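In what follows, chains carry the letters A, B, and so on, assigned in the order in which the sequence lines appear, proteins first and then strands, with residues in each chain numbered from 1. Treat the numbers as computed from the prediction; the structure is a model and nothing was measured.
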Number of protein chains: 2
Amino acid sequence: MKKATFYHAGCPVCISAEQQFISAIDSNKYEVEVVHLGETSARISEAESLGVKSVPAMVVDGQPFHINFGASMEDVKG
Amino acid sequence: MKKATFYHAGCPVCISAEQQFISAIDSNKYEVEVVHLGETSARISEAESLGVKSVPAMVVDGQPFHINFGASMEDVKG
């Protein structure tokens, strides 16, 4: 099973869009994990090390894809 | 079958990333169409009407998601 990790920071405007996006991922091929960086700030450094520059972003097989623009990682760190 | 349309402009650096992204989409739920706007410029107005501001972008159920940043639609129009 490949891994896809969706990082976000709770942007209320984007939640429905994000859920729609995640529902399109093939769950037979990918295990999708959703990480709320506002609630689990301990994983911010993990996201940054994977190349995440802004949220929402999805890392598929270790490669970061930035989807639209909610907030920069600097904003997430507050 | 829902529809997902991936608009791009041939950015060679991004092709492999895009293919990886598309392969993650559940083909049992979504019919994925890939549109190269550099080759089929007649569909630029279609993309714009769906809210696409830059490429690569994927429109899922009529909602645009901009994935990373390759080029603005102004650049695509040349």
Is there a path of hydrophobic side-chain contacts, each under 4.5 Å between heavy atoms of I/L/V/M/F/W/Y residues, joining [Y] to [X]?
{"X": "A:Val35", "Y": "A:Val32", "result": "no"}
{"X": "B:Leu37", "Y": "B:Val52", "result": "yes"}
{"X": "B:Met73", "Y": "B:Val59", "result": "yes"}

Notebook entry, point to check: Would you say A:Met58 and B:Phe21 make side-chain contact, with heavy atoms under 4.5 Å?
Noted result: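 Side chain of A:Met58 against side chain of B:Phe21, heavy atoms only: contact under 4.5 Å found.
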Check: Is the number of heavy atoms from other residues, nucleotides or ligands under 6.0 Å of A:Lys3 NZ greater than 12?
Finding: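 Yes, NZ of A:Lys3 has more than 12 neighbouring heavy atoms, counting only those of other groups under 6.0 Å.
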Note to self: Is it the case that atom NZ in A:Lys29 sees more than 12 heavy atoms from other parts of the structure closer than 6.0 Å?
What the structure shows: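 Above 12, so yes.
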Note to self: Tell me the closest heavy-atom pair linking A:Gln20 and B:Val60, and the distance in Å.
What the structure shows: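 Heavy atoms of A:Gln20 and B:Val60 come nearest at NE2-O, 3.8 Å.
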Note to self: Donor-acceptor pair, distance only, cut-off 3.5 Å: does the side chain of B:Asp26 make one with the backbone of A:Ala24?
What the structure shows: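 Not at all, since once roles are kept as given, no pair shorter than 3.5 Å links the two residues.
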Notebook entry, point to check: Given a strict heavy-atom distance threshold of 4.5 Å, which part of A:Ser23 is in contact with chain B: side chain, backbone, both, or neither?
Noted result: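 Contact with chain B is through both the backbone and side chain of A:Ser23.
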Note to self: Let me confirm one number: the CD1-CD1 distance from A:Ile25 to B:Ile25, rounded to the nearest 0.5 Å.
What the structure shows: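 Reported to 0.5 Å precision, the distance equals 4.5 Å.
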Checklist line | B:Phe65 portion near chain A, given a 4.5 angstrom heavy-atom threshold | finding: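 Answer is both: backbone and side chain atoms of B:Phe65 are under 4.5 Å from chain A.
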